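Being a predicted model, the structure only gives us computed values, none of them experimental. Every chain is numbered from 1 and lettered A, B, ... according to where its sequence line falls, protein lines coming before strand lines.
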Amino acid sequence: MQIQDHKPEDWLGRSAIEDLGPDIHGVQVWGPKTNEKFQTTLLDWYDQHGRTLPWRESISAYAVWVSEIMLQQTQVDTVIPYYQNFMQKFPDIQSLAQAGEADLLKAWEGLGYYSRVRNMQVAAQTIMDDYDGEFPSDLKEIQSLKGIGPYTAGAIASIAFNVATPAIDGNAMRVFARLFTVSADIAQAKNRKIFQALGEYLVDPKRPGDFNQAIMDLGSSYQRAKDPNPEASPLRDFNLSTLTGTTLDYPVKSKKAKAKHYYYDALVLEDKAGRVLICQRPETGLLAKMWTVPLLERKEAAKEDMPLGPLFADQVAEDDQAIYDNLLAESQAHYHVSPIFYKRQLAEVKHVFSHQVWHIRVYQGQLKEDPDQVIDRLTKQGASNWSWLKLSDMTQHAFPTVQMKIWQAYEKNRV
DNA sequence: AATCCGGGGCC
DNA sequence: GGCCCAGGATT
């Protein structure tokens, strides 16, 4: 599609201009070459009032890449300290490609969506192997890298390599939907092409990177999702929703499905030496490869309080029998006790994910007998994804936030 | 096209 | 409790 040959109404599926009239409140809106006036106004504002951010200080493809991956579904204020730590530990593509996975996960600990950092390392290795260590500058080659989709490719290409392409994320879709009163549902993937086309029409071919960043800054200030201030925006006179008083009608976004609820017992089993048993989650799925104390999902019928006392196998959900069996084997081999332990409920922890809500009862495990064995033997036997952790030394494993909550509940309430 | 994948901030 | 956020991979 020859974007430059079309006016916005051609791909909005209706004539916004005709519906509203060319003259709104005495202001001429979106006539010929209005996009060029829009660009000038936006970039003049950006030059004077754009945000100062760490990854804008000295532009490199690597810095833009790291920041954009971290900023996926994550707010700027959350990202900044992670970004600075990450750039110090992994300052270039090569150091990222060669990093140990545990160190990478530790640098990402608490940030969420942990596959982002694993994908980034895969991409770094691809760049080392296939691009001689130089970040590719072609839009399609950038998007072919693991973890880089259409938004991030557009951001890197425009900001780092001055490629005249838009960067369409939720922020840009909100800004453009309000700008042209687009009623298409931004939650539906098929509608992304509408905003992509608008972006291609609007983007400044001379300063595409600054244009895209200016849209982001506009979306975080005058065109925030909540409590926007469109009347004071430098783009006020271009904005059809502002001129018609319909800002909060846009963007249209359908609701997400409700989260499912799950019920767990967290078993904090501490030995005489002050070590706590932890295990590593599977390689795929939620919180992949992160470490937690054993989490046993309660059977549907056992959602009520469990009686304090020994833990028996028939109280554990089928999916968690392997965890239980492993606990049982370890305790029998090294402590000659069965069942594993008596337990005391300390607290309840609630943790909300995008699609799941976890309700966790935290139990303090109590060894039935006093172990005489040397604890180190435990770490040498059995599967490597079990470990005894000294609470004073938590830097060797990456823990998800839900585990941090369990640690806090344990430290506060342990007896 | 729908689902999965974290976590924090805000109301 | 619900919604938002500089999305992408998987199915």
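A salt bridge links A/Asp217 with A/Arg56: the closest approach of a Lys/Arg side-chain nitrogen to an acidic carboxylate oxygen falls below 4.0 angstrom. The residues A/Asp210 and A/Arg207 are annotated as salt-bridged, a charged nitrogen and a carboxylate oxygen being separated by less than 4.0 angstrom.
Of the listed nucleotides (C/dG8, C/dA6, B/dG6), B/dG6 has the atom at the smallest distance from the side chain of A/Leu287. Of all nucleotides listed (C/dG8, C/dC5, B/dC5), C/dG8 comes nearest to the side chain of A/Tyr151. The A/Gln75 side chain lies nearest to C/dC5 when the options are B/dG6, C/dC5, B/dC5. Closest to the side chain of A/Ala225, out of C/dG2, C/dG7, C/dC4, is C/dC4. Side-chain atoms of A/Lys190 lie closest to B/dA1 of the nucleotides C/dC5, B/dA1, C/dT10. For A/Arg174, taking side-chain heavy atoms from C-beta onward, the closest of the listed nucleotides C/dT10, C/dA6, B/dC4 is C/dA6. Distance from the side chain of A/His355 is smallest to B/dC4 among C/dA6, B/dC4, C/dC3.
Base contact: A/Trp55 has a heavy atom under 4.0 Å from a base atom. In this structure, A/Val79 reaches neither bases nor backbone, as no heavy-atom distance under 4.0 Å exists between it and the strands shown. Across all strands, A/Ala189 comes closer than 4.0 Å to no nucleic acid atom at all (heavy-atom distances).
With the nearest nucleotide of DNA chain B identified for both A/Phe399 and A/Gln188, A/Gln188 has the one nearer the 5' end.
Taking side-chain N and O atoms only, A/Thr401 has a distance below 4.0 Å to OP1 or OP2 of B/dG7. In terms of phosphate contacts, A/Lys253 brings a side-chain nitrogen or oxygen within less than 4.0 Å of OP1 or OP2 of C/dC5. Within the structure, a side-chain polar atom (N or O) of A/Tyr114 is placed less than 4.0 Å from OP1 or OP2 of B/dG7. In this structure, A/Lys255 does not reach the C/dG2 phosphate: none of its side-chain N or O atoms is under 4.0 Å from OP1 or OP2. Note on A/Lys350: a side-chain N or O is less than 4.0 Å away from OP1 or OP2 of C/dG1.
The CZ-P distance, from A/Phe211 to C/dA6, rounds to 16 Å in whole Å.
Across C/dT10 and B/dG6, the matching P atoms stand 14 Å from one another, rounded to whole Å. Nucleotides C/dA6 and B/dC5 are separated by 23 Å at their P atoms, to the nearest Å.
For an aromatic pair to be called close, the ring centres must be under 6.0 Å apart, and A/Phe353 with A/His351 satisfies this.
At a cut-off of 3.5 angstrom, counting only N and O atoms as typed in the model, there is no donor on one side facing an acceptor on the other between the side-chain of A/Thr152 and the base of C/dG8. If you check distances only, the side chain of A/Arg51 does reach the base of C/dA6 with a donor-acceptor pair under 3.5 Å.
Using modelled atom types and a 3.5 Å distance limit, the side chains of A/Glu231 and A/Tyr222 yield no donor-acceptor pair.
Note on ring orientation: taking the six-membered ring where Trp is involved, the planes of A/Phe90 and A/Phe86 are tilted (angle from 30° to 60°).
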